[in-house]
Structures are given as structure tokens and as C-alpha cells.
S.K.: 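This is the structure I have questions about; it appears just below.
In what follows, every chain begins at residue 1, and chains take the letters A, B, ... in the order their sequences are listed. Because the structure is predicted, anything quoted here is derived from the model rather than measured.
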Number of protein chains: 2
Amino acid sequence: MGATKTDHFTNKQNQIATIAKALGHPARVAIIEYLMKVNTCICGDIVNELPLAQPTVSQHLKELKNAGLIKGSIEGNAICYCIDEKTLNILKEYFAKIILTVTNQKCC
Amino acid sequence: MGATKTDHFTNKQNQIATIAKALGHPARVAIIEYLMKVNTCICGDIVNELPLAQPTVSQHLKELKNAGLIKGSIEGNAICYCIDEKTLNILKEYFAKIILTVTNQKCC
DNA sequence: TTTTAACATTGCAATGTTACGATAAACATT
DNA sequence: AATGTTTATCGTAACATTGCAATGTTAAAA
């Protein structure tokens with residue numbers, strides 16, 4: 001098949017999976033790291049930072065945007081991208097909760 | 001193409017992407033949640049908890065294991081699975097660092 | 001207005017993922 | 001030994017992802 005059976009899972013499970021999936025590629029992790037490193041939202045310049053062709057980078061940016069991990073606003077000729085930390089925080093809090101629960105378990 | 005250019009990215013970027021990718025499917029998120037909920041490592045019983053056929057579940061478990069998110073030990077007839085919180089913690093700490101950095105930025 | 005710059009979109013080839021039936025392997029039970 | 005239970009593996013069909021060349025689109029610059 002190849003198609004994920006999303007309707008069999010909860011909204012939360014699908015939400016977490018969607019965000020995690022967007023971060024499931026090193027190029028997209030690299031984009032996030034770059035946006036963090038430059039210490040401001042960056043207009044243009046992302047393509048030159050990655051070892052990938054422009055259409056490929058554009059596609060990765062689109063996926064990060066769809067997942068809510070970055071925001072992009074048109075700034076004249078270029079586009080200004082920055083990290084949306086709210087979405088990252090959803091993942092962080094989710095993992096923190098699991099880790100806390102699991103650490104208190106008597107197991108294996 | 002379809003093949004990820006892993007060699008163009010750092011080890012850390014590939015590590016984060018690999019772990020995130022493993023969590024990028026609702027069935028695998030559901031497995032993690034179930035392992036957390038039962039409050040102990042569970043032997044068997046995972047297949048019945050998911051709306052998927054046994055070979056599919058087995059495959060998802062394998063991917064979680066490869067990513068280091070769960071550990072499995074043979075327990076007689078069944079196999080005992082539990083969460084490896086160390087791997088989850090790598091992701092959590094990574095996100096926490098990004099969130100902290102980004103929140104202090106004057107941006108957009 | 002033509003040109004340039006910065007991204008987006010389209011189309012396609014190569015590869016990866018998801019799901020499951022069939023089958024195998026390993027052990028427990030009878 | 002024969003049977004059942006549990007998990008893994010194989011094979012394969014359907015679909016998704018990755019990457020890029022070619023081509024649009026939009027707005028600044030000349």
C-alpha cells in the first residue's frame with residue numbers, strides 16, 4: 001500500500017507524527033539549525049547554506065511550513081523565515097511527559 | 001531520486017532526523033504511548049492494541065528498535081518491549097536548546 | 001520596460017515506506 | 001510428537017518521498 005492509516009489513530013498521535021515526520025530529514029534539521037544560528041529571521045540565503053538545489057530546498061521549506069515548524073513572511077523580493085517555537089514546544093512537552101512517566105517505571 | 005543525501009549533513013543532524021523519522025508515523029507514536037501507559041514493559045499484546053495486521057506492527061516495532069527508541073528482550077515465548085528513554089531524551093534536549101535560543105531572539 | 005534576483009511550481013526518475021498475505025521460526029502446551 | 005501461540009521474514013502491490021532540470025511568478029533594479 002504505502003498510505004498511512006491516519007484515521008485509525010487519535011488526533012494527538014497524528015499531530016505528533018506529522019511534526020516529527022517533518023523533522024525526519026537531515027536537510028530540514030539543518031534548516032532549523034541554520035535559522036537558530038543566525039539569531040534572527042533570515043531573508044533569502046537559505047539555499048546557499050545547503051548542499052541541495054534550489055527547488056529541493058524550496059520543497060523542504062514548504063514541508064516545514066506545513067508542519068507549523070517555521071513561519072514565512074514576504075519581505076519585498078525575498079522571503080523571511082523564522083522558527084515557530086510553539087510547534088517545537090508541543091513535541092518537547094510531549095517527550096518530557098513520556099520520559100517522566102517511563103523513568104519512574106520498574107522495568108526490564 | 002528518492003534517496004536522502006545523508007553524507008552532506010552532520011552526524012548530529014542525521015541522528016536527530018533518524019530518531020524523528022521513527023516517530024513520524026502515528027502507529028509508532030501509538031506504540032510508544034501504549035508502552036508508556038501500561039506502566040511496565042509489556043510482553044506480547046501490542047498487536048491487539050493496534051488497528052494493523054501483525055506483520056505491519058512487527059515492522060513498526062523493528063523501526064523503533066533500530067532508532068533506539070525501544071528495547072526488546074526475549075521472554076520465553078513472547079518478547080518484552082519497553083521504551084528507551086535515553087533516546088527520547090536526546091530529542092527533548094535538542095529541542096529544548098533550540099526553543100531557548102529562539103525565544104530570546106528579536107524576530108518577525 | 002527590460003533585466004535581474006529570489007522563490008515557487010511542474011514534471012519526472014529513482015528510491016523509500018506502508019500494509020498485508022503467506023510462510024517460517026521458536027517456544028509452550030497438550 | 002502434534003498442536004497452538006507469538007513474533008519475524010519474505011514477497012509484493014500501492015503509494016510517498018527525494019532530488020533536480022525546466023519553467024513560472026513576483027518584485028526590485030537598471
S.K.: Could you give the CD-to-P distance, from B:E49 to D:dT7, as a whole number of Å?
M.R.: 13 Å
S.K.: Give the rounded distance in Å between these two atoms: NZ of A:K65 and C1' of C:dA8.
M.R.: 10 Å
S.K.: Using atom CD1 of B:I74 as one end and atom C1' of D:dT5 as the other, report the distance to the nearest whole Å.
M.R.: 16 Å
S.K.: Specify whether B:H25 and B:H60 have parallel, tilted or perpendicular ring planes, treating 30° as the upper limit for parallel and 60° as the lower limit for perpendicular.
M.R.: tilted
S.K.: To the nearest Å, give me how far apart NE2 (B:H60) and P (D:dT7) are.
M.R.: 16 Å
S.K.: Kindly check if the number of other-residue, nucleotide or ligand heavy atoms within 6.0 Å of CG (B:N48) is above 12?
M.R.: yes
S.K.: Counting only side-chain heavy atoms from C-beta out, which of C:dA8, C:dT18, C:dC20 sits nearest to A:S58?
M.R.: C:dA8
S.K.: Report yes or no: does A:T101 contribute a side-chain atom to a donor-acceptor pair with the main-chain N or O of A:K97 at less than 3.5 Å?
M.R.: yes
S.K.: Are there more than 12 heavy atoms of other residues, nucleotides or ligands under 6.0 Å from atom CG of A:D7?
M.R.: yes
S.K.: Which residues pass the side-chain hydrogen bond (donor to acceptor under 3.5 Å, both in side chains) test with A:E33, sequence neighbours left out?
M.R.: B:Q13, B:Y94
S.K.: Which nucleotide wins on minimum distance to the side chain of A:K62, given the candidates C:dA8, D:dT9, C:dT9?
M.R.: C:dT9
S.K.: Tell me the closest heavy-atom pair linking B:A67 and B:I19, and the distance in Å.
M.R.: O-CG1, 4.3 Å
S.K.: Between C:dC20, D:dT6, C:dA19, spot the one nearest the side chain of B:A78, thanks.
M.R.: D:dT6
S.K.: Do A:I74 and A:L35 sit in the same hydrophobic cluster, where Ile, Leu, Val, Met, Phe, Trp and Tyr count as joined when their side-chain heavy atoms come under 4.5 Å apart?
M.R.: yes
S.K.: For DNA chain C, whose closest nucleotide is more 5', that of B:T4 or that of A:V57?
M.R.: A:V57
S.K.: Side chain of A:T56 only, please: which of D:dG19, C:dA19, C:dC7 is the nearest?
M.R.: D:dG19
S.K.: Looking only at side-chain N and O atoms, does B:K5 come under 4.0 Å of OP1 or OP2 in D:dC20?
M.R.: yes
S.K.: From CD1 of B:I79 over to P of C:dA25, roughly how many Å is that when rounded to an integer?
M.R.: 16 Å
S.K.: Heavy-atom contacts under 4.0 Å between residues 17-30 of chain A and DNA chain C, which residues?
M.R.: none
S.K.: Describe the nucleic acid contact of A:L52 in one word from base, sugar-phosphate, nothing, applying a heavy-atom distance below 4.0 Å.
M.R.: sugar-phosphate
S.K.: Name the residue closer to the 5' end of DNA chain C, choosing between A:T6 and A:Q54 according to the nucleotide with the nearest heavy atom.
M.R.: A:Q54
